[in-house]
Student: 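I have a structure I would like to understand better, so I am pasting it below and will then ask my questions one at a time.
Side chains are part of it too, since the values below use all heavy atoms of this structure and drop only hydrogens, waters and symmetry mates. All chains are named by letter (A, B, ...) in the order of the sequence lines, taking the proteins before the strands, and each is independently numbered beginning at 1.
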Amino acid sequence: MERIFIGVAWPYANGPMHLGHLAGVYLPADIFSRFHRLNGNEVLMVSGSDMHGTPITVTAQQQNKTPEEVALHYHQVHSETLKQMGIEFDNYTNTHTPEHADVVRELLGILEQNDYITTKTTEEPYDPKSKHFLPDRYVEGTCPHCQYESARGDQCDDCGRTLDAKDLINPHPKLNPDTELEFRETEHLFFKLSNFRDELLAWVSKDKEHWRDNVGKFTHNWLQDGLIDRAITRDLDWGIEIDKEGYENKRIYVWFEAVMGYYSASRSWAKWNGEPDAWKKWWEDDDARHYYFLAKDNIPFHTIIWPAILMGCNLHLPYDVPANEYLLLDFTQFSKSRNHAVWAPDYLNTYDSEALRYVLSAVMPENRDSNFSWEDYVARINNELIGNLGNFIHRTISFAQKNFPKGLHADECSAPELRDKVALSYSQITTSLSACKFKESLQTLMELSQTGNIAMNEMAPWKSIKEDKKACEADLVTLLNVCRALSIIMNPFLPKSSQKVWDYLGLEGTVEEAGWGAVAQGQTDFKLNEPLPLFQKLNLEEILEREMPNEEETLPDLKPEITFEDFQKMDIRIGTVVGIENHPNADKLYLLDVDFGGPKRRIVTGLKEEYNDEELMGKQIAVIVNLAPAKFRGEVSEGMLLAAEDEHVSTANVSLLHPDKEVTDGSSVH
RNA sequence: GCCGGGGUGGCUUAGCCUGGUAGAGCGUCGGACUCAUAAUCCGAAGGUCGCGGGUUCAAACCCCGCCCCCGGCACCA
């Protein structure tokens, strides 16, 4: 028996999950945990909703709610999605619980004791009007190096130097430019991440052959670049409070606190189950193996930051971090702002969770980005899940049940080669599932089912039933044993269907009770129940009609209404492009000279990927000419040209506004 | 420009670390069967493995150079 801890990345409670989250993170974790549980190993699988952080406060403001309301709402949504998908945790909690907060403060205390925490007092920009400390990038002022007037607090766009907001001459809040900016002293806690560099390097370099390539490379690169100590507190209201004098108005930074959820969730699981020490079996037993399931954007948090914290607290380090790449939707990334997504709650309102589990397992982005499309979804359900697997099970059980309603018996297996195939598939899948190779496991499963179909065609029980009923019965028992094996093997992928098959086969109890090892045992007797088809055929046209129109009731991201006076402030003119240069210091930027009927303006613009010189030269375009000049990597832009951006396509999506008929240069637009 | 990933039959892809006749599924074409959700099974056509060079008896795989695509960053206000 092994002890397996499974930590699953915490979904952010700021919007529903989409299919990419399920395919890349939650489904593989669930398959893995079901496999190990079935195999008799002791599994603890935890996750929860990540409730803190600035984006949630922004959403709350927009919706006129409190951050807590927003976070709790999406926590509910996530919980429901996971439940409907059949993804089972020992503890699915969230980071806004007293238990989590206590554990975070406890770990912080340990790190402090071990001298991994420092304080640093700095003078930070403070906006007296909004009564908030400001992030550096929300501060503007004059660059001390090049005198550029609109340098940001973190970096000067003109000379490219990184800055501190304090260096700026005449700094002011970007959002309240008329307000005088103050610098107030504020103290923050820092985690000495840099202390762990050598230890981390040693750790990731030793016995990590089982890690996926991309995970190892990513991590090594990060470590090569060096680690900096990072602030773990911020001046904010929403988040975990710090038990320390002077920190009443500060909260713990999410990046530091959310990963601790793996540990706190383990402890609260034990507590809520009435066995307060049960978590220790996973966290204090050296032989326990810790797996973390997540997507590639989360790698550094789980291979560097979290391990550093764990080292600092003397806790168990990860054994494997099988991070996935991204699942794309029609070859483009899922995007919340563009509403380019299939949202899990929407999907589950209309379609079957098991069908989705199958398809997402088949296209899981294990080694590279992979693609989801409705066409592929329908094809895989109809051809593979139903045509191959569902059909084999259904034709076998229904034929046997109809012809032998009182039961079947055979003393020995009528086709040893088929029994051997079962054994081989079983051992292959055991190996590949242990190694987190889920796609491969599913393929082997489907091969076995196909082998069943082939065998049944050769045995042709519909013939032998008329000629040699005894032989027919023996063949059917052999085939039913393949179904029985499939029922067990498919359990991690399709738990609900797995149990249905088990029941149709008239077997006792549950698949979970029988266990993974039960595949090896054949049965000589079956008393079947009348089966129903396991999955429903889908119609592509219907689905496309429902899923593709994607029409919005209202314009998405509609900005607040403005008055006509507001509009009149803009001076938009038509001009002709008379000169084009490449920006000397930026790949994507052009320097355009635009003629407005005599006067010329220099415009810096990022059209390089959309238009070449020839297409632009001589073209009439619309330009806002009274926009305050701005510098882009050292070049002044005296206006902004107007262009449409098509957010529904991935490439070549910018289109210049161009007058329908030729007009005199300098004509105004209203 | 920098960092990472990728480019394999019409489509989706496995293989690449650990060189040795390029596999699968879908689609297409022909056939068989009829227990099964017009399901299944057999057979066929279809690939200069992005381009060029190198190492090797042998390269999809290792090395060098280049091209293209995706993502992140610099940043496109």
Student: Please give the distance between the C1' atoms of A22(B) and U13(B) as a whole number of Å.
Tutor: 13 Å
Student: Could you give the distance separating G7(B) and C66(B) at their C1' atoms, to the nearest angstrom?
Tutor: 14 Å
Student: Checking side chain to side chain contact (heavy atoms under 4.5 Å, CB included) against Leu642(A), which of Ile621(A), Val669(A), Leu657(A), Val623(A) comes through?
Tutor: Leu657(A)
Student: Output one line per pair: protein atom, nucleotide atom from nucleotides 5-11 of chain B, and distance, for all N/O pairs under 3.5 Å.
Tutor:
residue	atom	partner	partner atom	Å
G5(B)	OP1	Lys217(A)	NZ	2.7
G7(B)	OP1	Arg368(A)	NH2	3.4

Student: I want to confirm an ordering. Mapping Met640(A) and Asp376(A) to their closest nucleotides on RNA chain B, which one lands closer to the 5' end?
Tutor: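 Of the two residues, Asp376(A) wins.
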Student: Can you tell me which nucleotide in G25(B), A39(B), A36(B) comes closest to the side chain of Lys537(A)?
Tutor: A39(B)
Student: Is Glu581(A) salt-bridged to Arg602(A), going by a charged N under 4.0 Å from an acidic O?
Tutor: yes
Student: Please state the P separation for the pair C49(B) and C62(B) - nearest whole angstrom.
Tutor: 15 Å
Student: I'd like to know whether the aromatic ring centres of His210(A) and Tyr319(A) sit less than 6.0 Å apart in this structure.
Tutor: yes
Student: Could you measure between the two C1' atoms, the one in C75(B) and the one in A58(B), and give it in whole Å?
Tutor: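 After rounding to an integer number of Å, I get 48 Å for this pair.
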Student: Any chance you could measure Gln499(A), atom CD, to Tyr504(A), atom OH, to the nearest 0.5 Å?
Tutor: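 Nearest 0.5 Å value for the CD-OH distance: 11.0 Å.
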Student: Just the rounded figure in Å: distance from C1' of U12(B) to OH of Tyr377(A).
Tutor: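 Roughly 17 Å, once rounded to whole Å.
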Student: Report yes or no: do Gln428(A) and Thr444(A) form a side-chain donor-acceptor pair below 3.5 Å?
Tutor: no
Student: What is the ring orientation for Trp374(A) with Tyr347(A), classed by angle as parallel under 30°, tilted 30 to 60°, or perpendicular over 60°?
Tutor: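 Parallel.
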Student: How close or far is atom P of C35(B) from atom CD of Glu530(A), stated in whole angstroms?
Tutor: 17 Å
Student: Given atom OH of Tyr326(A) and atom C1' of G4(B), what is their separation to the nearest angstrom?
Tutor: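 Computing the Tyr326(A):OH to G4(B):C1' distance gives 12 Å.
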Student: Once you measure the plane-to-plane angle for Phe334(A) and His18(A), does it fall in the parallel (<30°), tilted (30-60°) or perpendicular (>60°) bin?
Tutor: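 Geometry flag for His18(A) against Phe334(A): parallel rings.
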Student: Rounded to the nearest angstrom, tell me the gap between atom NZ in Lys437(A) and atom C1' in G15(B).
Tutor: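 Taking NZ of Lys437(A) and C1' of G15(B), I get 11 Å after rounding.
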Student: Between the side chain of Ser449(A) and the main-chain N/O of Asn388(A), is any donor-acceptor distance below 3.5 Å?
Tutor: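 Checking the backbone N and O of Asn388(A) against the side chain of Ser449(A), a donor-acceptor pair under 3.5 Å is found.
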Student: Dot-bracket for RNA chain B, please, read 5' to 3', with Watson-Crick or G-U wobble pairs under 3.5 Å on both distances, ( ) within the strand, [ ] crossing, | other strand, . unpaired.
Tutor: ((((((((.[[[[.)....(..]]]].(((((.......))))).....[[[[[..)....]]]]])))))))....
Student: Tell me which pairs pass side-chain hydrogen bond (donor to acceptor under 3.5 Å, both in side chains) where either residue lies in residues 361-373 of chain A, with sequence neighbours left out.
Tutor: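 Found Lys296(A)-Asp369(A).
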Student: Whole Å only: how far is the CG atom of Leu476(A) from the C1' atom of A36(B)?
Tutor: 13 Å
Student: Would you kindly give the NZ-to-P distance between Lys463(A) and A32(B), to the nearest whole Å?
Tutor: 13 Å
Student: Under a 3.5 Å distance rule, please check whether Ser487(A) uses its side chain to pair with a backbone N or O of Val501(A) as donor and acceptor.
Tutor: no
Student: Contact class for Met456(A) (heavy atom, under 4.0 Å): base, sugar-phosphate, or nothing?
Tutor: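 Touches a base.
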Student: Between the protein and nucleotides 40-43 of chain B, which nitrogen or oxygen pairs are less than 3.5 angstrom apart?
Tutor:
residue	atom	partner	partner atom	Å
U40(B)	O2'	Arg395(A)	NH1	3.2
U40(B)	O2'	Asn457(A)	OD1	3.2
U40(B)	O2	Asn457(A)	ND2	3.3
C41(B)	OP1	Gln450(A)	NE2	3.4
C41(B)	O4'	Asn457(A)	ND2	2.6

Student: Check the orientation of Trp211(A) and Trp203(A). Use parallel for under 30°, tilted for 30 to 60°, and perpendicular for over 60°.
Tutor: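 If you compare the ring of Trp211(A) with that of Trp203(A), the planes turn out perpendicular.
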Student: What pairs with Lys469(A) under side chain to side chain contact (heavy atoms under 4.5 Å, CB included), at least two apart in sequence or on another chain?
Tutor: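 Once residues adjacent in sequence are excluded, the partners of Lys469(A) under the side chain to side chain contact (heavy atoms under 4.5 Å, CB included) criterion are Phe404(A), Ile465(A).
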Student: How close or far is atom P of G25(B) from atom OH of Tyr358(A), stated in whole angstroms?
Tutor: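 Spelled out: OH on Tyr358(A) to P on G25(B) is 12 Å.
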Student: Nearest whole Å is fine: how far is C33(B) P from Phe392(A) CZ?
Tutor: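 Taking CZ of Phe392(A) and P of C33(B), I get 22 Å after rounding.
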Student: So, using side chain to side chain contact (heavy atoms under 4.5 Å, CB included) as the criterion, who are the partners of Leu201(A) when residues are at least two apart?
Tutor: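 Checked Leu201(A) against side chain to side chain contact (heavy atoms under 4.5 Å, CB included); matches are Arg197(A), His220(A), Leu223(A), Gln224(A).
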Student: Could you check which of A77(B), A36(B), C33(B) has an atom nearest any side-chain atom of Ser398(A)?
Tutor: A36(B)
Student: When the P atoms of G19(B) and G15(B) are considered, how many whole Å apart are they?
Tutor: 16 Å
Student: Return the 5'-most residue of the pair Trp462(A), Phe535(A) with respect to RNA chain B, ranking by each residue's nearest nucleotide.
Tutor: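 Result: Trp462(A).
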